[in-house]
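In this chain, numbering begins with 1 at the start of the sequence shown.
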Amino acid sequence: MPVAPPTWHSPEVAAVLPELAPAERPGQAMHALLRELYPLCRSITGEGVRETLRVLGRYLPPGLQVREVPSGSAVLDWTVPPEWNIRDAYIKDQQGRRVVDFRRLNLHVVGYSQPLPRQWLSRAALDAHLHSLPAQPALTPYRTSYYQPAWGFCLPHQLREQLRDEQYEVCIDATLDAAGSLTYGQLVLPGDTDEEVLFSCHICHPSLANDNLAGVVVATWLARWLAARPRRRYTYRFVFVPGTIGAICWLHEHRETVVPRIRHGLVLSLLGGPGEFTYKRSRQGAAAIDRVVAQVLRQAAPEAHQLREFTPYGYDERQYCSPGFNLPVGCLTRTPFAEFPEYHTSADNPGLVRPRQLAASLRLLRQICRALEQHDRRYLNRQPYGEPQLGRRGLYGGLKGTGNPKQAEMALLWILNLADGQHDVLAMAERSGMSFAALRRAIRSLRRAELLAPVPPPRE
């Protein structure tokens, strides 16, 4: 069994963190989990993925299911590759010093490198297998070779230029097992209906903190929050998969059962680093999830968010949104991939991720979930002829002549005006520009005053 590189998180934090309440210091708690996961060498298969899921299982609500898909399995148009594991890798100079060392940073090895028995190579022969960033000479890049047989090392360009010995000893102590498997995990939180909301994170990247451990830890805390809610309308499914091939495996195995029940979905990534929230719409473009996220962002971050149209490149939303499935799945990030200088380098470390950014991402996702729970509810105004007298019902307390009514009173007026059985709550939010929270409070007040009646959902 491959041995993972030693971790460097605090044992005290690891012992306390699983006991934290979902709402207790979530930014710091998520960051501590991120630091615990950071040293593990993940790839699209292998023990690093399993260990990551074992760690997550200590923090997630009970019920994490771990699935092994055998190597060689046909999944849609793909084949599950051999399982890759690595024990050690290095480049030694002629004095026997490790100048490149996998045990210090797992980015130093090209992911899925073929095994390389210990041997000496000339400097020129070695150079063909080295990867560095001349424009960022102090950083180590992240490179992979999943489906093309190759081997290589990644290192800072400034170190590469200092390699002047005539020969170097190299070794990649790794295995590629055709009898192995691909591992993914999922957690299902049942709701009042079997209609599902899907949250998907990729767990194939090694020591990269924002991409994508930030998405993984935010998803974990979102699951804890949802599990603690007294009631859920939707069933919520959290999927932790290796990028591309993992999502394809999941879709292949669930295409007849779960996929038809998915009503909304989000791919979560890059949620702890710098920059404003960015939402990439689903392929459908105007699905309920697209409209809900856009409306929540307009309220939560009116000056600091971007909405982007769907493109068939990116994270696993492109698998969920492939034309045969065409699921309503968008992608929520902060600064998108490849648009910040630390992307896919050793600078994407825990120092790049801020607890306050993680906490803000969690707050936004909570708002999105609350909005999804009510977005398609419709109501009827029981006094539709003229404006009901709210004052005698204790609902309208503003003084005349003092300007615009307060937000709570304005929400009451919007609800009453749009409660015609045709406008759902999402349409009300879009038309009024008011937050879902304000509309929820107004709906509760009007129902208590018997001015509002829910419209039964249509039969399918």
Cation-pi geometry met for Arg237 and Phe199 (6.0 Å, 45°): no
Are the side chains of Ser200 and Phe240 in touch, meaning some heavy atoms are under 4.5 Å apart? no
Have Glu430 and Gln295 got a donor and an acceptor in their side chains that come within less than 3.5 Å? no
Decide, yes or no, whether a salt bridge links Arg261 with Glu195 under the criterion of side-chain N to carboxylate O below 4.0 Å. no
Looking at Val293, Val329, Leu372, which hits side-chain contact (heavy atoms from CB on, under 4.5 Å) with Leu266? Val293
Might you point out which heavy atoms bring Pro328 and Arg263 nearest each other, and give the distance in Å? CG-O, 3.1 Å
Of all the heavy-atom pairs spanning Ile172 and Gln114, show the shortest one and how long it is. CG2-O, 3.9 Å
Is the shortest heavy-atom distance from the side chain of Leu182 to the side chain of Glu68 under 4.5 Å? no
Would you say Asn85's side chain and Glu47's backbone share a donor-acceptor pair under 3.5 angstrom? yes
Would you say that Tyr279 contacts Ile289 through its side chain, given a criterion of any heavy-atom pair below 4.5 Å between the two side chains? yes
Of all heavy-atom pairs between Leu53 and Leu64, which one has the smallest distance, and what is that distance? O-CD2, 3.5 Å
Judged by modelled atom types alone, do Gln65 and Tyr184 share a side-chain donor-acceptor pair under 3.5 Å? no
Closer than 3.5 angstrom, by distance alone: can the side chain of Ser132 be matched with the main-chain N or O of Pro156 as a donor-acceptor pair? no
Are any of the side-chain heavy atoms of His108 and Ile91 separated by less than 4.5 Å? no
Trp250 and Tyr320 aromatic ring geometry - parallel, tilted or perpendicular at 30°/60° bounds: perpendicular
Decide yes or no on side chain to side chain contact (heavy atoms under 4.5 Å, CB included) for Leu452 and Leu380, but give the supporting numbers first. CA-CA 6 Å; Leu452 208 62; Leu380 279 176; over 6 Å; no
Counting N and O atoms only, with roles assigned by atom type, does the side chain of Glu51 sit under 3.5 Å from a partner on the main chain of Gly46, one being a donor and the other an acceptor? no
Can you list the steps and then say if Arg231 with Asp192 is a salt bridge (charged side-chain N to carboxylate O under 4.0 Å, His left out)? CA-CA 8 Å; Arg231 190 169 185 178; Asp192 292 339; 2.6 Å; yes
I want to check something: taking the side chain as every heavy atom from C-beta on, are Trp225 and Cys369 in contact at a cut-off of under 4.5 Å? yes
Does Arg160 form a side chain to side chain contact (heavy atoms under 4.5 Å, CB included) with Leu130? I'd like the steps, not just the answer. CA-CA 8 Å; Arg160 183 177 186 175; Leu130 299 182; 3.8 Å; yes
His205 ring center within less than 6.0 Å of Tyr142 ring center: yes
Just verifying a value: how many Å separate Leu332 CG and His305 NE2, rounded to the nearest 0.5 Å? 11.5 Å
Does Arg67 reach the main-chain N or O of Cys249 with its side chain, forming a donor-acceptor pair under 3.5 Å? no
Determine whether Trp221 and Leu33 make a side-chain contact, defined as any pair of heavy atoms from C-beta on separated by less than 4.5 Å. yes
Exercise: identify the closest heavy-atom pair between Val49 and Ser43: CG2-O, 3.0 Å
Value rounded to 0.5 Å, distance of CZ in Arg118 from CG in Asp173: 11.5 Å
Side-chain heavy-atom pair Pro82, Asp177 within 4.5 angstrom cut-off: no
So how far is it from Phe436 CZ to His375 NE2, rounded to the nearest 0.5 Å? 8.5 Å
Any idea which heavy atoms bring Ala209 and Leu34 closest together, and the distance? O-CD1, 3.5 Å
For Arg98, is there an ion pair with Asp101 - N to carboxylate O distance below 4.0 angstrom? yes
Whether the side chain of Arg232 engages the backbone of Pro190 through a donor-acceptor N/O pair (distance < 3.5 Å, no angle test) should be reported. yes
Is there a donor-acceptor pair under 3.5 Å between the side chain of Arg447 and the backbone N or O of Ile443? no
Does the pair Glu339/Arg334 count as a salt bridge with the N-to-O cut at 4.0 Å? no
Electrostatic pair Asp88-Arg103, nearest N-O below 4.0 angstrom: yes
In Å and rounded to the nearest 0.5 Å, what is the CG to CZ distance from Leu358 to Arg363? 10.5 Å
Asn210 side chain to Leu213 backbone, donor-acceptor under 3.5 Å: no
Evaluate the side chain to side chain donor-acceptor pair (under 3.5 Å) criterion for residues Asp211 and His344: first the C-alpha distance (whole Å), next the side-chain angles of each, then the deciding distance (0.1 Å), finally the verdict. CA-CA 8 Å; Asp211 180 20; His344 277 193; 3.1 Å; yes
Are any side-chain N or O atoms of Trp84 and backbone N or O atoms of Gly111, one a donor and one an acceptor, separated by less than 3.5 Å? no
So, do Ser181 and Thr45 sit near enough that their side-chain heavy atoms are less than 4.5 Å apart? no
Quick check against the 3.5 Å criterion: does Gln284 have a side-chain atom that pairs as donor or acceptor with the backbone of Asn326? yes
Is atom CZ of Arg431 surrounded by more than 12 heavy atoms (other residues, nucleotides or ligands) closer than 6.0 Å? no
Side-chain donor-acceptor pair present, Glu36, His31, cut-off under 3.5 Å: no
How far apart are the closest heavy atoms of Leu60 and Ala223, and which atoms are they? CD2-CB, 3.9 Å
Distance-only donor-acceptor check, side chains Asn106 and Ser207, under 3.5 Å: yes
Evaluation steps, ring pair (Phe, Tyr, Trp, His ring centres under 6.0 Å), between His131 and Phe153: CA-CA 6 Å; His131 303 268; Phe153 292 89; 9.6 Å; no
Mind checking whether His264 and Tyr234 have parallel, tilted or perpendicular rings, split at 30° and 60°? perpendicular
More than 12 heavy atoms of other groups within 6.0 Å of Asp77 CG: no
Would you sort out whether Leu187 and Tyr236 count as a side chain to side chain contact (heavy atoms under 4.5 Å, CB included), showing the intermediate values? CA-CA 8 Å; Leu187 172 73; Tyr236 288 86; over 6 Å; no
Gap separating the OG1 atom of Thr311 from the CD atom of Glu317, nearest 0.5 angstrom: 7.0 Å
With rounding to the nearest 0.5 angstrom, report the OG to CG distance, Ser269 to Asn212. 3.5 Å
I'd like to know whether Leu439 forms a side chain to side chain contact (heavy atoms under 4.5 Å, CB included) with Ile415, so could you lay out the CA-CA distance, the side-chain angles of the two residues, the decisive distance to 0.1 Å, and finally the verdict. CA-CA 7 Å; Leu439 296 179; Ile415 294 293; 3.8 Å; yes
So, does Arg224 use its side chain to make a donor-acceptor pair with the main chain of Tyr59 at under 3.5 Å? yes
